[in-house]
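Residue numbers count from 1 along this sequence. Computed from a predicted model, the values in this text were never measured in an experiment. Atoms within each ligand, like the ligands themselves, are counted from 1 in listed order.
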Amino acid sequence: MKKYLITGGAGFIGSNFIRYLFSTYPDIRIVNLDKLTYAGNLDNLKDFEHDSRYRFVHGDICDAGLVDSLMPDVNVVVNFAAESHVDRSIGSPDEFIKTDIFGCFVLLEAARKHGVDRFMQISTDEVYGSIENGRFSETDALMPSSPYSASKAGADRLVYSYYVTYKLPVVIPRSSNNFGPYQFPEKLISLFITNALDEKALPIYGDGRNVRDWLYVMDNCEALDLILNKGRDGEVYNVGAGNEKMNIDITTQILRDTGNSEALMTYVEDRKGHDRRYALDIGKITSLGWTPRHNFESALSETVAWYRDNRWWWEKLKSGEYLEYYQNHYKRKL
Ligand code: NAD
Ligand code: TDX
């Protein structure tokens, strides 16, 4: 039986992945280790709270004793735990270095000591840096440009080194920008949808023409599961959907779907070191048997509908520390 240690499972992608696993494989066990930072939220998995197949452990992946005590009971490790927001990494990088690099090291050491069948490190397309034309393939050089992406690149290569040096059976997916339900309202799509539903300004950085390849979180979950089961030891897999969109195009659809006018579009100071474009060659994962199944425009509309129907989930998140962060970062009131 597969017994997973999923770290960061109370966050956006981790919680969607746990939900996906339980609905796809009823006979599994999952231990979810999460520190519950501002981004971790037990509401994301409320329906599994009393499920005997599921155990939540409140703790830090940097805590070697705790991690070591969990490892004997699992045979698959999936590391989602990270500080994940580029803007926060520009303001205060410390936690990014601790969690994203050192935390990953702690997990690797315990996995090596106890032996696991699979160790999947959730990496990101941002490790390649920005690309004006063309697409990055898995063998391209890493040129990360924010403290966030640099810490993810460090972990990505550290994981690879455990394959080469210790033969730990690792796989490393590098996914593009995810969107969907349960995303903390600080990322472009979740922030803009929730602001638009409240008829608040949508703060667009710079000229709004930066490009990201948007991937619906459920498509990503299917890709991650395939990589976990069919990926070759030591290999990296790009995961993207080919949905290259400028930020202003996304903004326009969100305004349309929420019945708002373009008057909410507000141009603000650009992000420091703002990567212009991310684009991935996905030939490798496609030949493993995956293609994204969701159409971008309809998945975005469904996502807007989810946030409209689930105000209980996000309204309380946009208070307290969040308001302080928002005000300092955007230099404006929400
Ligand atoms: P998120 O910020 O929503 O969730 C991160 C989770 O990790 C939270 O539940 C948080 O409490 C937990 N966490 C943070 N520090 C921890 C620690 N020290 N110990 C234990 N738990 C800790 O992030 P997300 O958007 O779901 O991203 C998940 C992973 O996927 C990250 O590794 C991120 O780098 C990667 N990724 C994200 C995207 C994206 O578009 N969101 C794209 C590619 C890769
Ligand atoms: O308020 C905003 N205004 C704005 O114009 C925010 C939050 C973002 N943006 C722009 C910046 C980017 O060009 O939107 C684009 C997307 O920004 P984010 O949602 O912050 O995502 P990004 O910086 O691309 O990083 C994301 O994708 C890769 C995730 O946060 C990472 O965790 C993942 O690795």
Side-chain angles (χ1 to χ4, degrees), residues 6-17 32-42 44-45 57-63 66-67 78-90 95-96 98-100 102-104 106-107 120-127 130 144-146 148-149 151-153 155-156 173-180 182-192 195 201-215 217 220 224 238-240 245-248 250-251 265-271 273-278 280 326 329-330:
I6 299 206
T7 70
F12 164 50
I13 307 178
S15 62
N16 276 289
F17 189 62
N32 173 12
L33 170 62
D34 198 296
K35 186 178 171 183
L36 297 182
T37 66
Y38 76 94
N41 185 349
L42 289 180
N44 297 7
L45 290 167
V57 177
H58 184 194
D60 191 331
I61 58 165
C62 299
D63 180 342
L66 174 62
V67 167
V78 184
N79 181 27
F80 288 97
E83 288 294 332
S84 70
H85 191 38
V86 173
D87 292 327
R88 289 183 188 250
S89 85
I90 295 166
E95 288 304 318
F96 289 75
K98 283 184 201 137
T99 289
D100 300 12
F102 184 74
C104 177
V106 169
L107 290 167
M120 182 157 78
Q121 166 67 10
I122 307 300
S123 192
T124 167
D125 64 350
E126 295 200 21
V127 297
S130 192
S145 44
S146 72
Y148 162 70
S149 51
S151 69
K152 293 295 292 184
D156 179 311
R174 293 183 185 147
S175 301
S176 63
N177 287 57
N178 280 225
F179 69 101
Y182 303 105
Q183 186 167 34
F184 190 82
E186 67 181 349
K187 308 284 164 66
L188 178 78
I189 288 186
S190 50
L191 175 71
F192 280 20
N195 276 15
L202 310 189
I204 301 168
Y205 297 158
D207 64 2
R209 304 179 78 80
N210 300 66
V211 172
R212 299 291 184 266
D213 169 5
W214 292 95
L215 172 64
V217 66
N220 190 32
L224 297 181
N238 286 344
V239 185
K245 306 283 172 199
M246 287 193 293
N247 296 337
I248 37 172
I250 306 254
T251 310
M265 290 170 88
T266 310
Y267 288 88
V268 299
E269 191 184 330
D270 206 356
R271 172 185 281 175
H274 196 173
D275 285 336
R276 193 65 174 168
R277 173 174 175 261
Y278 299 140
L280 295 174
Y326 193 93
H329 179 67
Y330 294 99

Is it true that the side chains of Tyr148 and Glu126 contain a donor and an acceptor less than 3.5 Å apart?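 No.
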Where ligand 1 meets [X] - atom numbers and elements under 4.0 angstrom, heavy-atom basis:
| X | answer |
| --- | --- |
| Ala81 | 7 (O), 20 (C), 21 (N), 22 (C) |
| Asn177 | 40 (O) |
| Leu36 | 11 (O) |
| Gly59 | 19 (N), 20 (C) |
| Tyr148 | 33 (C), 34 (O) |
| Lys152 | 31 (C), 32 (O), 33 (C), 34 (O) |
| Ser123 | 43 (C), 44 (C) |

Could you tell me whether some N/O pair between [X] and ligand 1 is separated by less than 3.5 angstrom?
| X | value |
| --- | --- |
| Ile13 | yes |
| Asn178 | yes |
| Leu33 | no |
| Ser84 | yes |
| Thr124 | no |
| Asp60 | yes |
| Asp34 | yes |
| Thr99 | yes |
| Thr37 | yes |
| Gly11 | yes |

Return the closest protein heavy atom for [atom] as residue, atom name and distance.
| atom | result |
| --- | --- |
| atom 3 (O) of ligand 1 | Phe12 N, 3.0 Å |
| atom 35 (C) of ligand 1 | Ile122 CG2, 3.7 Å |
| atom 29 (C) of ligand 1 | Phe80 O, 3.3 Å |
| atom 7 (O) of ligand 1 | Gly8 CA, 3.4 Å |
| atom 19 (N) of ligand 1 | Ile61 N, 3.0 Å |
| atom 16 (C) of ligand 1 | Lys35 CB, 3.7 Å |
| atom 43 (C) of ligand 1 | Ser175 O, 3.3 Å |

Counting only heavy atoms and a distance below 4.0 Å, can you name the residues contacting ligand 2?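 Heavy-atom contacts below 4.0 Å: Ser84, His85, Val86, Asp87, Thr124, Glu126, Tyr148, Asn177, Glu186, Lys187, Leu188, Leu191, Phe192, Pro203, Ile204, Tyr205, Asn210, Arg212, Asn247, Arg271, His274, Tyr278, Tyr330.
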Note: Lys98-Glu83 ion pair, threshold 4.0 Å (strictly below):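 No, this pair does not count.
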When you check the gap from the basic side-chain N to the acidic O, do Asp125 and Lys152 get nearer than 4.0 Å?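 No.
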Show your reasoning for whether side chain to side chain contact (heavy atoms under 4.5 Å, CB included) applies to Asp270 and Asp207. CA-CA 8 Å; Asp270 206 356; Asp207 64 2; over 6 Å; no
4.0 Å heavy-atom contact, Gly103 with ligand 1: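 No; Gly103 lies far enough from ligand 1 that no heavy-atom distance drops under 4.0 Å.
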Are Asp275 and Ser130 close enough, and set up right, to give a side chain to side chain donor-acceptor pair (under 3.5 Å), and what steps lead you there? CA-CA 5 Å; Asp275 285 336; Ser130 192; 4.6 Å; no
Interatomic distance, [X] atom [atom1] to [Y] atom [atom2] [nearest 0.5 angstrom]:
| X | Y | atom1 | atom2 | answer |
| --- | --- | --- | --- | --- |
| Asn220 | Asn177 | CG | CG | 10.5 Å |
| Asp100 | Gln121 | CG | CD | 8.5 Å |
| Ile189 | Asn247 | CD1 | CG | 9.0 Å |
| Ser84 | Phe12 | OG | CZ | 9.5 Å |
| Met246 | Asn210 | CE | CG | 10.0 Å |

For ligand 1, note which part of Ser176 has a heavy atom under 4.0 Å away: side chain, backbone, both or neither.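 Backbone only.
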Would you confirm whether Asn44, through its side chain, and Ser15, through its main-chain N or O, come within 3.5 Å as a donor-acceptor pair?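 No, Asn44 side chain to Ser15 backbone: no donor-acceptor pair under 3.5 Å.
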Side-chain donor or acceptor of Asn178 paired with backbone N/O of Ser176 under 3.5 Å: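 Here the side-chain-to-backbone pair exists.
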Would you say that [X] contacts [Y] through its side chain, given a criterion of any heavy-atom pair below 4.5 Å between the two side chains?
| X | Y | result |
| --- | --- | --- |
| Tyr326 | Leu191 | yes |
| Ile250 | Leu188 | yes |
| Tyr278 | Asp213 | no |

Verify the neighbour count for atom CZ of Arg276: are there more than 12 heavy atoms of other residues, nucleotides or ligands below 6.0 Å?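 Check passes, neighbour count above 12.
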For Lys35, which residues count as a salt bridge (Lys or Arg N to Asp or Glu O under 4.0 Å) partner, sequence neighbours excluded?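 Residues passing salt bridge (Lys or Arg N to Asp or Glu O under 4.0 Å) with Lys35: Asp60, Glu95.
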Could you check, using the six-membered ring where one of them is a Trp, whether Phe184 and Tyr38 have ring centers closer than 6.0 angstrom?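 Yes: the rings meet the under 6.0 Å criterion.
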Using heavy-atom distances only, which candidate in Gly180, Ala10, Ala82 approaches atom 14 (C) of ligand 1 most closely?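 Minimum heavy-atom distance to atom 14 (C) of ligand 1 goes to Ala82.
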Could you check whether the rings of Tyr205 and His274 sit parallel, tilted or perpendicular, using 30° and 60° as the cut-offs?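 Rings of Tyr205 and His274: perpendicular, as their planes differ by over 60°.
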